[in-house]
Amino acid sequence: MRISGFQKLTLLDYPNQIAAIIFTLGCNFRCGYCHNPEFVDPKLTKNVPLIPEEEIFKFLENRKKLLDGVVISGGEPTIQPDLIPFIKKIKALNYLVKLDTNGSNPHILEQLIKNKLIDFIAMDIKGNLKKYSEIVNVKIDTKLIKQSIELIKKSGIDYEFRMTTLPLHHNEEDIKNIGELIKNCNNFYIQNFRCHRTLNPKYQKEKSFQNANLQKFAEIMKNYVKIVQIRD
Ligand code: SF4
């Protein structure tokens with residue numbers, strides 16, 4: 001596993017659990033607003049020092065009584081060729097596992113779900129499927145995104161869908177379109193774009209939505225989804 005970051009404690013990233021977070025290096029998307037450019041841009045990833053797996057497992061062995069779970073985030077974890085054996089090793093230590101994903105690899109998600117290797121999935125929704133390739137800056141077969149959504153909804157495990165919104169990419173029609181896409185799912189979180197650090201420097205000049213816009217999006221989304229929240 002190419003591991004670029006390890007946070008030993010989080011109370012925020014795994015709902016209702018005390019967890020550690022592992023950040024994997026590399027992503028198959030190039031969202032301009034991405035706030036982890038060093039995990040995504042190949043010009044930068046090559047300079048990121050990797051954390052040896054042994055170091056992570058040594059820590060996890062010693063924290064079994066103090067931590068409930070491990071979050072695997074990125075980058076995009078499902079592009080790591082050894083993700084499945086890596087998660088098996090974490091599960092062997094009896095940890096809960098939460099996976100953060102962009103939903104581009106449903107075949108990996110299917111194996112993880114089928115083999116009961118994950119306990120929570122958080123999938124980013126990037127926008128209206130018609131705009132997906134434009135938003136993520138790579139050509140993406142949106143059938144894969146749809147497949148991931150359906151798999152997650154039917155998985156029987158805890159999940160959330162979440163979306164970073166910004167005026168450049170999203171409007172009320174898009175929110176309706178996304179509502180249809182994830183109709184009847186349990187949880188949807190709306191996050192506002194913040195222009196601190198971005199993969200594409202042009203996004204640092206992009207505007208964020210006003211709170212009233214986000215509230216309107218949440219109202220629209222409540223026609224489709226059980227729980228909708230705006231997350232700071
Ligand atoms: S925002 Fe997520 S999916 Fe997009 S480039 Fe960054 S890590 Fe990849």
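Atoms within each ligand, like the ligands themselves, are counted from 1 in listed order.
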Could you check Asn213 against Asn192 for side chain to side chain donor-acceptor pair (under 3.5 Å), going step by step and ending with a plain yes or no? CA-CA 10 Å; Asn213 300 112; Asn192 208 1; over 6 Å; no
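Residue, atom and distance of the protein heavy atom nearest to atom 6 (Fe) of ligand 1 are Cys34 SG, 2.3 Å. The nearest heavy-atom contact from the protein to atom 4 (Fe) of ligand 1 is Cys31 SG, 2.3 Å.
Near Asn102, with a cut-off below 4.0 Å to any heavy atom, the atoms of ligand 1 are 3 (S). In summary, the atoms of ligand 1 found under 4.0 Å from a heavy atom of Phe29, numbered by their order in the structure, are 3 (S), 5 (S).
A distance-only check finds a donor-acceptor pair linking the side chain of Arg197 to the backbone of His35 [under 3.5 Å].
Side chains of Glu76 and Thr101: a donor-acceptor N/O pair is present below 3.5 angstrom, by distance only.
Under the 4.5 Å side-chain criterion, counting only non-hydrogen atoms from C-beta, Ile118 is in contact with Val97. Looking only at side-chain heavy atoms (C-beta outward), Leu112 and Leu83 come within less than 4.5 Å of each other.
Taking backbone and side-chain atoms together, Cys27 has an N/O/S atom less than 2.8 Å away from atom 8 (Fe) of ligand 1.
The shortest separation from a heavy atom of Gly74 to ligand 1 is not under 4.0 Å, leaving the residue out of contact.
By the criterion of a heavy-atom distance under 4.0 Å, the side chain of Lys126, and not its backbone, is placed next to ligand 1.
Relative orientation of the Phe86 and Phe57 rings is perpendicular, given thresholds of 30° and 60° on the angle between their planes.
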